[in-house]
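Notes follow once the structure below has been shown.
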Amino acid sequence: MSELTAGAVRVARRPGLPYIAVIGLLLTLLAAAVTAAIAAGSVNLPAGQVWGILLHNIHPALAEPTWTAARETIVMDVRLPRVLLAAVVGAGLAVCGMALQALVRNPLADPMLLGVSSGASVGAVSVLVFGLSFFGAFSLPIAAFLGALAALVAVYFLARQGGRMTTVRLVLAGVAMAEVLSAVASFLVVTSNDPHKTQSAVRWMLGGLAGTTWAMVWIPAVAMLAGTVVLLGVSRSLNLLLGGEEAAASLGLDVHRFRAALFVLVAMMIGTIVAVSGAIGFVGLIMPHIVRLLIGADHRKALPATALLGASFLILADLMARTLIAPEEIPVGILTALVGGPFFLWLMRRRSK
Amino acid sequence: MTLTVENVSVRIGGKALVDDVSLEVAKGETLGLVGPNGAGKSTLLRTLYRARKPTSGRVFLDGEDVRKMPSGWLARRLAAVLQETGGDFELTVYDVVAMGRTPHKRAFDGDNTEDKQIIADALARLDVEHLAHAPFDRLSGGEKQRVLIARALAQQPTTMVLDEPTNHLDLRHQLDALELVRDLEVTAVIALHDLNMAAAFCDRICVMDGGRVVSLSTPAEVLTPALLAEVYRVDADVTPHPETDVPHVILRTGGDQWKPSARPSKRSPSSAPSSP
């Protein structure tokens, strides 16, 4: 241990891409994904026209209309809300996945794998099937939030025994909870008098963004943005949790109260998301891992990056879902599971080494 | 800062892990906490850094009850160096040490130049700056221990609580770590297994057994063959080092002395601790 005067020490910069460059690349990816997803469909539009229409609608002076009114309707009323909702859902799921992984201190946590999304499905389906409307227009997201919170709390206490939580117990409790709640939600749908019950059940279980209208975008968008800002505000505390509960407590974090508050926050975000999109899996698992590989685990940097990556990922997944076998649509959850399942197995193998 | 422990007990399921412990550590003093496994050292330490609420009794830092102050208040004054717990996240050494700045920060505060300097200095003082961007989980036990001490330094505490900080460290780094803590001139409570290290670096030594304080005084007064026989059930000599006068414990092993029948028997748990 050498004697060192203040100011003499410099720590070498972190190896790899600088943070700003990663954020720049992710923003570019997001812009490209948005453009592609608005351009592609039954009517293909050139990218220039997509941005012309978007800019013209932001302010008429920004672009001269050289397109038909029908095309403007396609962009503004059909594709844009769907792309925005995909971005909101993807970003929200990714951010919630990262927060959950820190809260349970386990990198295999994901809203779907922990049963949180299925809990939200049960809440939302109950409102639809039983025609509940305690909270008016907010009945659906509020019921989904309560379902998500109940599932999250139940899994947490089932997985935790004697103050310890092993990966195996967490994954088992989560998967079991997800299965049971999916079954409950499916049962509610198929025994209801919904004329398209099979289709509805598939949508709740596998997720989908078909038929998105502007009215569906606002609530999850506000919840996602507000939730992400709050998480950024507590990102130092999330970092502390990665170092263990005991250390976090010694560094001034009231661990139990913090975790309880963030469970409510995550359930709120997941509830509002699942209420419009159904349960889309694996986004919350994959995105945080890719981001941590790129820029490290510090949540102050990783949370914004994971939100951007999640948004791009789900926009592109949804684009494939509606174009691969057009005019039919694939539930987007099938595509995310096709990517996510193998990724999950790879993670498990890597970790057991 | 003066650290005062007042009649602290911790009971779990009727069993007293810490039983009515009272002690006071003066400003700048280094107190060694020794005792056999299960003596209650770690549990007592946990009540100091607020990871465990005492069943009864209170802990004061400079006269303030630590449980009545906001949680950040304590973390700005008292740092804990704990046994590392592995994680599955790719935290770098730098990330781990940077956590030490958290108690000094509000929501949305970034690390300013001063914070970065404090972190860099802490890394350098513990001789781990070359590991700054290495994944914490892949370090050796000794390197992890040094990183955790660096995190405590980054906290800029006036009081430190260390739970066996020399575990996993080689001799040179053991001496370096304990010298560092002593030279910081903070109020320190250090749980140690190595009695010779405790004798060399602590102003006073507190011996715990069965949750109670058995002896609390200067190393020379505490470390006696009678106490070692009673608390540790070992046969040992204690002699002052010829040059430094620091008491040195020498175990008598091998030969007839070490047959089980010759081993001093442990007192029954109900009997009151007799002074050595």
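So you know, we letter chains A, B, ... as the sequences are listed, proteins then strands, and number each from 1. Remember, predicted model here, so these are calculated numbers, not experimental data.
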Most chain A-contacting option - heavy-atom pairs closer than 4.5 Å, from B/R50, B/R106, B/Q155, B/M99: B/M99
May I have the step-by-step check of side-chain contact (heavy atoms from CB on, under 4.5 Å) for A/E246 and B/R46, ending in yes or no? CA-CA 9 Å; A/E246 191 98 336; B/R46 296 183 76 213; 2.4 Å; yes
Which atoms of A/V229 approach chain B - backbone, side chain, both or neither, heavy atom under 4.5 Å: both
Region of B/L74 in contact with chain A, defined by heavy-atom distances below 4.5 Å: neither
Contacting moiety of B/Y94, where chain A heavy atoms sit under 4.5 Å: side chain
Considering residues, nucleotides and ligands other than B/E179, do more than 12 of their heavy atoms fall under 6.0 Å from its CD? yes
Largest heavy-atom contact set with chain A, pairs under 4.5 Å, which of B/P70, B/A98, B/P103: B/P103
Max heavy-atom pair count under 4.5 Å with chain A, selected residue of B/A132, B/S71, B/A79, B/G100: B/S71
Identify which part of B/I119 has an atom lying under 4.5 Å from any heavy atom of chain A, answering side chain, backbone, both or neither. neither
Under 6.0 Å from the CZ atom of A/F343, do we count more than 12 heavy atoms belonging to anything else shown? yes
Could you measure the distance from the CG atom of A/L251 to the OG1 atom of B/T102? Nearest 0.5 Å is fine. 6.0 Å
What I want to find out is whether A/R236 reaches B/D111 closely enough, with some N-O distance under 4.0 Å, to be called a salt bridge. yes
Any idea which of A/A247, A/G244, A/G296 has the most non-hydrogen atom pairs under 4.5 angstrom with chain B? A/A247
Residue list, salt bridge (charged side-chain N to carboxylate O under 4.0 Å, His left out) with B/E6, at least two apart or on another chain: B/R58
Using heavy-atom distances under 4.5 Å, tell me whether B/F89 contacts chain A through its side chain, its backbone, both, or neither. side chain
Testing the basics here: between A/S250 and B/A75, what is the closest heavy-atom pair and its distance to 0.1 Å? O-CB, 3.7 Å
More than 12 non-hydrogen atoms from neighbouring residues, nucleotides or ligands closer than 6.0 Å to NZ on B/K105, yes or no? yes
Against chain A, work out which of B/H130, B/R101, B/R151, B/R52 has the most heavy-atom pairs shorter than 4.5 Å and name it. B/R151
Find the distance between CG (A/N239) and CG (B/L91) and round it off to the nearest 0.5 Å. 7.0 Å
